[in-house]
Structures are given as C-alpha cells and as structure tokens.
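Lettering of chains follows the sequences in order, A, B, ..., and the numbering in each one begins at 1.
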Number of protein chains: 2
Amino acid sequence: MAKKPVKLDDVAREAGVSKTTVSRVLNQRGYLSEETIAKVQRAMEKLNYRPNAIARQLYKRETKLVGLIFPTIDDPFFGQLEAALENELYRRGYKVLMGNSQNNPAKERSFLRQLLNRQVDGLIVGAHNQAIGEYQRTNLPIVSIEQIVSRNVPVVASDNYNGGRLATQRLLDDGCQHIIHTNYPEDIPTPNHERRLAYEDLLRQHGQTPITYHISFDDPVEKKRAIIRQIFEDHPEVDGIFADNDTNAGLIMNIAGEFKRLIPEDLRVVGYDGANATRILLPQLTTIQQPINQMAETAVAMLQARINGEQVASKMLPVKIIDGGTA
Amino acid sequence: MAKKPVKLDDVAREAGVSKTTVSRVLNQRGYLSEETIAKVQRAMEKLNYRPNAIARQLYKRETKLVGLIFPTIDDPFFGQLEAALENELYRRGYKVLMGNSQNNPAKERSFLRQLLNRQVDGLIVGAHNQAIGEYQRTNLPIVSIEQIVSRNVPVVASDNYNGGRLATQRLLDDGCQHIIHTNYPEDIPTPNHERRLAYEDLLRQHGQTPITYHISFDDPVEKKRAIIRQIFEDHPEVDGIFADNDTNAGLIMNIAGEFKRLIPEDLRVVGYDGANATRILLPQLTTIQQPINQMAETAVAMLQARINGEQVASKMLPVKIIDGGTA
DNA sequence: TTGAAAGCGCTAACAC
DNA sequence: GTGTTAGCGCTTTCAA
C-alpha cells in the first residue's frame with residue numbers, strides 16, 4: 001500500500017554500485033573488496049532492504065518448500081508426525097506448506113493442484129482419501145507415510161502386521177476369550193489393514209472368531225461413540241478390545257465405564273500409535289507404539305534423496321508394545 | 001531433471017496463438033472466441049501444462065500464503081487452533097506456511113526473517129518467545145493470538161481473567177481450603193497471566209494464600225512431572241488445583257494417583273483449554289474451555305482486514321466452564 | 001478479438 | 001573486482 005518496497009536496484013543506486021555487486025554481497029559469492037561489501041551493507045541497512053524471495057525462487061526454480069498433505073493436524077498421531085516432519089525439514093533448510101485434506105477429496109485435489117504448480121520442491125503425503133489421479137501424473141518428488149499412493153511413490157510405514165500381532169497376542173496371553181477389533185472401513189486401502197490381518201490370523205489360530213467394527217478416522221466423535229456402544233450391546237461377552245488407534249482406545253475405556261466394565265479386570269484394552277499426547281493423558285493405556293519421529297526422519301531423508309534425483313525404496317520401521325496396565 | 005517443464009510459451013506455440021491469449025484463457029479474462037479458447041485448452045491438455053505459480057506471484061506481488069508461527073503443533077490446544085486456522089484460511093483462498101518455534105528464538109527469528117521476504121501475505125503468531133525486534137519493523141499484516149507482540153499488532157484472546165475466576169470460584173464453591181495454581185514462568189508475558197491474577201484476587205478475597213508453581217510449556221514432560229510431585233511434597237494439605245492447561249491437569253491427575261489421592265474426593269482439579277483431543281481422552285476433567293475455533297475465525301477475519309489495508313482492534317472472546325467431575 | 005512488448009526483482013554468464 | 005545483459009515464466013497495458 002504505502003511506499004514501494006526497496007529492491008536490489010535501490011540498494012545498488014544508494015551504494016553506487018551495480019545490481020550484480022549487491023547480489024554478490026547478498027549471496028556471499030565471488031570476489032569483492034571489503035570496502036565494497038561494507039558500503040553495500042550500509043546501504044542495505046539504511047534502506048532496510050529485504051530481498052524478494054519469490055524473485056529468487058523464480059530464477060532458481062526451487063522454493064525450498066515442502067508440502068504436507070494429511071487428513072488433519074488436530075490428532076495426537078498426526079500432530080506429532082507433522083511436528084517432527086516440520087522439524088526435520090527445517091533442519092535441512094525447507095519450510096512447510098501445510099494442507100489438511102479433512103476427508104474432503106475436493107480440498108485435497110485443489111490443494112494438490114496448486115502445489116504441483118511449482119510451489120513446492122516436494123511432497124509428503126498421508127491423506128486417507130482415494131489416491132487421486134493427480135498424484136500419478138506428476139514428476140514432483142513425493143514420499144508417502146502409511147499410505148499407498150501410487151506405484152512410483154515410496155512409502156514409509158511401520159510394521160503394521162507385527163503391531164497387530166503384538167496387540168492380539170497380548171490379549172490372548174491375558175486369557176481373553178472374546179477379542180474384538182476396531183479398524184477403518186475396508187474400502188480405504190491402507191497399510192493399517194495389516195493390523196487387522198494379523199488380528200484375524202492369530203484369532204483363527206486360537207480358534208476364535210475375528211470380529212471387526214469399522215470406525216472411520218474422520219467420523220465425528222459422537223458417531224464413534226455410538227459404534228463403540230454398539231460393540232458392548234452386540235457383544236456383552238467381549239473381554240478384550242484391540243483398537244486401531246489410541247483415541248478410539250480412549251473412547252472405549254470411557255464407554256466401558258458406562259457399561260460398568262472395570263479395566264483391566266472385566267475388559268482388556270490395547271491401543272495403537274503411542275503418540276506423546278496420548279502417552280501423557282492416558283499413561284495407563286497399553287498400546288503399540290509407532291516410531292513416529294523416526295518415521296518422520298526417514299520420510300524426509302527419502303524425500304531429500306528423491307529431490308536429488310536418486311531412486312529410493314519403501315521402508316518399514318519396527319513397532320513395540322508399551323505396557324500401561326489396561327492389558 | 002528430465003524434460004524441461006512446459007511453459008506458457010510452449011502452449012502458445014502449440015495452439016498457434018500468442019502468450020497473451022493463453023494467459024487470458026488461463027485467467028478467464030477479456031474477450032476470446034470460443035474457438036480460440038477450445039484450441040488453447042486442447043494444447044494445455046496435450047502438453048499437460050501447469051502454470052508456474054511463482055512467476056505469477058512475482059508479478060502480482062502476492063502469494064496467497066499466510067505464515068503461522070506457534071510454539072508447536074503437537075499439543076491439543078495448538079493442534080486444534082492451527083487446524084482451525086488452516087481451514088478458515090483455505091476457505092478464503094490462502095494456504096498455510098507453518099513454522100514451529102519450539103521455544104527456540106533462533107528458529108523463530110530465522111523463520112520470521114524468511115517470511116518477511118515477501119513469501120507470505122500475512123502472519124498469524126502465537127509463539128511464546130520474547131517478542132523479537134523483527135516483528136516491529138515490518139509492515140507485513142500481522143495478527144497475534146493470546147500473545148502480546150508489539151503495539152501495532154492486534155491480539156485475539158479469550159477472556160483469561162474470567163477463565164481464572166470461573167476456575168477458582170468452582171474450587172472455592174467445592175469447599176477447597178488449599179488451592180494451588182500452575183502457570184508459566186512470570187518472565188514470559190502473556191495474556192495467560194490474567195488467569196493467575198484472577199486466581200490470586202479470588203484467593204485473597206477468601207482469606208487464602210495464593211501459591212503458584214511455574215511449569216513452562218516447553219519443558220520436557222519429565223520436568224513437568226517433577227514439578228507436580230513437588231507440589232504434593234511441599235503441600236500435602238492441597239485439596240484443589242487450578243492448572244493453566246489441560247495437559248498439566250492430566251499430569252496432575254496421574255500424579256495424584258501416585259500420592260494416593262482420590263479425585264474428586266481428596267483433590268479437586270480444574271484444567272484449562274477444553275480442546276477436542278483432551279475432551280475426548282479426559283472427558284472427566286472439569287475445565288475452562290476457550291472458544292478455539294472462534295478464535296481462529298476471528299484471527300483470520302482480522303488478518304484479512306489488515307491485508308485489505310483496514311485498521312482493526314484487538315478482540316476478546318468469552319470462555320465457559322465445562323463440567324467433568326473432577327471439580 | 002488478438003498480439004507485441006515491457007516489466008515483476010533477482011541471478012549468473014560473460015566481458016572488462 | 002566489478003558491470004552489462006539476458007533471462008526465470010507470467011501478466012498487462014497499449015495498439016492493432
């Protein structure tokens with residue numbers, strides 16, 4: 001609005017040198033006399049000069065920005081994951097463009113379209129939505145987390161099968177006879193479903209019938225509660241629940257109270273994720289912990305490699321069980 | 001790396017028209033024959049053309065990007081706040097550049113410096129760090145949330161004094177005789193301290209001695225736990241605690257267990273924030289709820305006004321008490 | 001209804 | 001050591 005912003009030219013004029021010289025001082029490149037440097041710096045100071053990052057980006061054809069596309073940030077797992085990603089990216093000189101898809105394919109698509117317009121140097125995605133064609137026909141470097149995007153996008157995932165195995169085995173070891181599992185609806189294909197496979201395999205091996213209730217990540221919490229109440233109504237005999245995330249485990253623990261079930265006496269519960277926030281608020285919850293920070297570091301390292309033009313393979317990271325007391 | 005990206009020129013050549021025409025089709029501006037439009041669109045399609053957003057930004061001198069500077073995103077309050085901000089900004093056509101200052105003044109400063117270089121059209125800040133000189137000498141539109149930044153930056157805050165009053169009054173009504181408060185260290189000036197003022201005012205009015213323990217938001221959780229244990233050791237007579245955020249309230253509830261205090265029988269607890277995630281995981285916690293989503297909407301509306309060159313005044317939003325059962 | 005040309009603010013050959 | 005010049009890819013007067 002007010003006065004036009006100061007540009008390189010203005011600094012050059014003020015210092016009585018050429019644009020090139022100012023640019024060199026700015027980037028500390030090439031040979032310059034101490035005197036000139038000082039002169040230019042004085043001019044910059046005097047005019048309170050701020051280089052225009054956009055102009056530089058245009059020339060350099062890189063923005064040092066990485067887009068993050070995840071369902072939301074308002075969740076213990078994704079909050080910690082995105083925080084770790086931001087941190088690691090910052091260490092490597094990248095800033096973060098954040099996009100929450102919120103189970104809204106239109107939003108995800110619009111977001112993606114814009115980012116593909118040379119706004120970012122790379123993308124890290126973990127959105128739940130149906131993989132969109134856009135992801136396929138771009139050669140922007142992409143890495144995904146716990147999500148299958150397309151054939152040419154490497155994935156960082158934790159060992160979901162083993163996580164499901166550890167959780168189910170714990171409940172079996174506790175002597176549970178009626179173990180129920182909660183997971184996403186089947187039509188959303190994610191590595192997450194390996195957890196369910198492990199649960200089903202183990203239950204069958206032990207002569208029990210696997211029963212899975214579907215709770216969509218993006219459901220409003222009241223709907224989630226309703227589904228969980230349904231579990232207790234449909235299966236009063238339930239004595240063990242393996243929840244596919246800690247938030248659901250928390251809901252289950254509360255609703256168990258409504259049904260007068262004591263945990264762990266009447267009902268054992270194992271959660272999944274083991275994010276900081278849930279560990280703090282629900283330390284009593286036994287859960288399968290994903291190596292969230294390590295997943296973030298790995299994803300960033302892989303993205304960096306892709307940006308450098310290298311090929312990288314998908315990676316699987318180990319999980320572990322955290323003993324709380326609920327199972 | 002591979003083939004050079006397609007640019008406007010290429011599309012123009014392919015369609016046999018000028019750059020101007022292609023640009024017009026792109027922006028749906030000016031008079032164009034149906035035929036030309038179709039021709040150009042076919043060329044775009046064929047070449048899989050993606051406009052370079054950076055070039056446009058350079059010309060337009062606006063990026064449609066807003067920077068968010070907060071301590072972290074891995075926290076129920078800030079997670080929900082930033083999610084709401086992102087959502088509201090997206091509605092208005094802005095994307096979000098996220099920067100977590102993490103109680104690291106160097107990081108905050110570096111982040112800020114870069115954003116001031118015309119990378120964003122505006123800034124919403126809520127970092128805890130000492131206000132940095134940089135904030136003052138820029139004319140980038142800025143709005144702050146629950147944070148005093150500088151004289152010319154309008155603030156969106158909730159009614160912290162009333163929140164402190166509601167919390168303390170509840171504990172007094174419950175008959176607590178020894179009420180303790182946790183809050184930030186005093187040297188970080190935030191509207192948050194109004195909560196403490198209210199607590200102190202009320203306690204003195206009731207002939208009690210206010211006692212505040214300082215828990216820094218950025219302390220590692222083990223340090224927070226240690227401070228809370230100290231409360232119980234120093235003041236075994238404590239029968240009410242007003243925590244300045246729900247995470248601390250959660251820690252208090254767990255440590256109360258270590259000291260064999262039953263809640264609410266032996267100890268009443270009131271938290272602060274009332275964010276979604278804590279409401280889900282700790283529904284039993286009585287807390288003061290900030291209107292987080294409304295704060296986000298207000299901040300975005302104010303920022304938009306500032307970007308449009310209007311002056312705006314700071315705003316204060318009401319809080320309410322949520323009955324859980326811990327007080 | 002369309003095009004030529006100037007310019008957004010910066011960088012980097014290439015010359016001197 | 002320093003300057004001249006030609007772009008980076010787009011938008012927009014102005015003219016035709």
Side-chain angles (χ1 to χ4, degrees), chain A residues 1 3-41 43-44 47-65 113-114 116-121, chain B residues 1 3-41 43-44 47-65 113-121 140:
Chain A
M1 297 285 115
K3 53 201 182 292
K4 285 183 66 171
V6 181
K7 56 187 184 179
L8 205 104
D9 247 347
D10 302 326
V11 177
R13 200 168 318 114
E14 173 74 27
V17 297
S18 77
K19 290 164 54 173
T20 316
T21 303
V22 178
S23 172
R24 287 202 179 106
V25 173
L26 211 51
N27 300 292
Q28 317 193 45
R29 201 189 311 285
Y31 311 101
L32 294 167
S33 73
E34 287 302 322
E35 195 188 353
T36 313
I37 294 177
K39 206 165 50 181
V40 171
Q41 279 173 340
M44 287 180 173
L47 302 178
N48 188 24
Y49 170 68
R50 321 245 82 215
N52 182 325
I54 300 299
R56 177 180 289 164
Q57 287 172 14
L58 178 59
Y59 188 91
K60 297 278 207 142
R61 288 128 166 265
E62 67 170 19
T63 58
K64 287 292 177 186
L65 246 44
R113 282 241 177 85
Q114 299 188 57
L116 294 184
N117 293 183
R118 248 91 14 117
Q119 287 232 73
V120 295
D121 296 346
Chain B
M1 294 287 114
K3 53 201 183 290
K4 287 184 66 173
V6 180
K7 54 187 188 180
L8 204 101
D9 246 346
D10 302 324
V11 176
R13 201 168 317 117
E14 173 73 28
V17 298
S18 76
K19 291 163 55 173
T20 315
T21 305
V22 179
S23 173
R24 287 203 181 105
V25 173
L26 212 52
N27 299 293
Q28 316 192 47
R29 201 189 312 284
Y31 311 101
L32 294 167
S33 72
E34 287 301 322
E35 195 189 354
T36 312
I37 294 178
K39 208 164 50 181
V40 170
Q41 279 174 340
M44 286 180 173
L47 301 178
N48 189 23
Y49 170 69
R50 324 244 80 217
N52 183 323
I54 301 299
R56 176 180 287 161
Q57 287 171 13
L58 177 60
Y59 189 92
K60 297 279 205 137
R61 287 128 165 262
E62 69 171 15
T63 58
K64 286 293 177 185
L65 245 43
R113 282 243 177 84
Q114 300 187 56
L115 294 205
L116 294 184
N117 293 183
R118 251 107 351 138
Q119 287 231 72
V120 295
D121 295 346
L140 190 72

Next on the checklist: Whether the B:T20 and B:S23 side chains hold a donor-acceptor pair (N or O, under 3.5 Å, no angle test) is what I'd like checked.
Outcome noted: no
Item to check | Minimal non-hydrogen separation, B:R56 against B:L26, with atom names | outcome: NH2-CD2, 3.9 Å
Checklist entry - Short question: side chain of A:T63, backbone of A:Q119 - any donor-acceptor pair under 3.5 Å? => result yes
Checklist entry - Contact boundaries of DNA chain D with chain A (under 4.0 Å, heavy atoms), 5' to 3'? => result D:dG1 to D:dG9
Next on the checklist: Counting C-beta onward and ignoring hydrogens, is there a side-chain heavy-atom pair between A:V22 and A:M44 closer than 4.5 Å?
Outcome noted: yes
Next on the checklist: Output one letter per nucleotide in nucleotides 9-16 of chain C: B when a protein non-hydrogen atom lies under 4.0 Å from the base, S when only the sugar-phosphate is that close, - when neither is.
Outcome noted: BBBBBB--
Checklist entry - Is A:V17 close to A:V40 at the side-chain level, that is, under 4.5 Å between some pair of heavy atoms? => result yes
Checklist entry - Side-chain contact, heavy-atom cut-off 4.5 Å: B:R118 with A:R50? => result yes
Item to check | Residues B:R13, B:D10; criterion salt bridge (charged side-chain N to carboxylate O under 4.0 Å, His left out); working and verdict | outcome: CA-CA 5 Å; B:R13 201 168 317 117; B:D10 302 324; 3.6 Å; yes
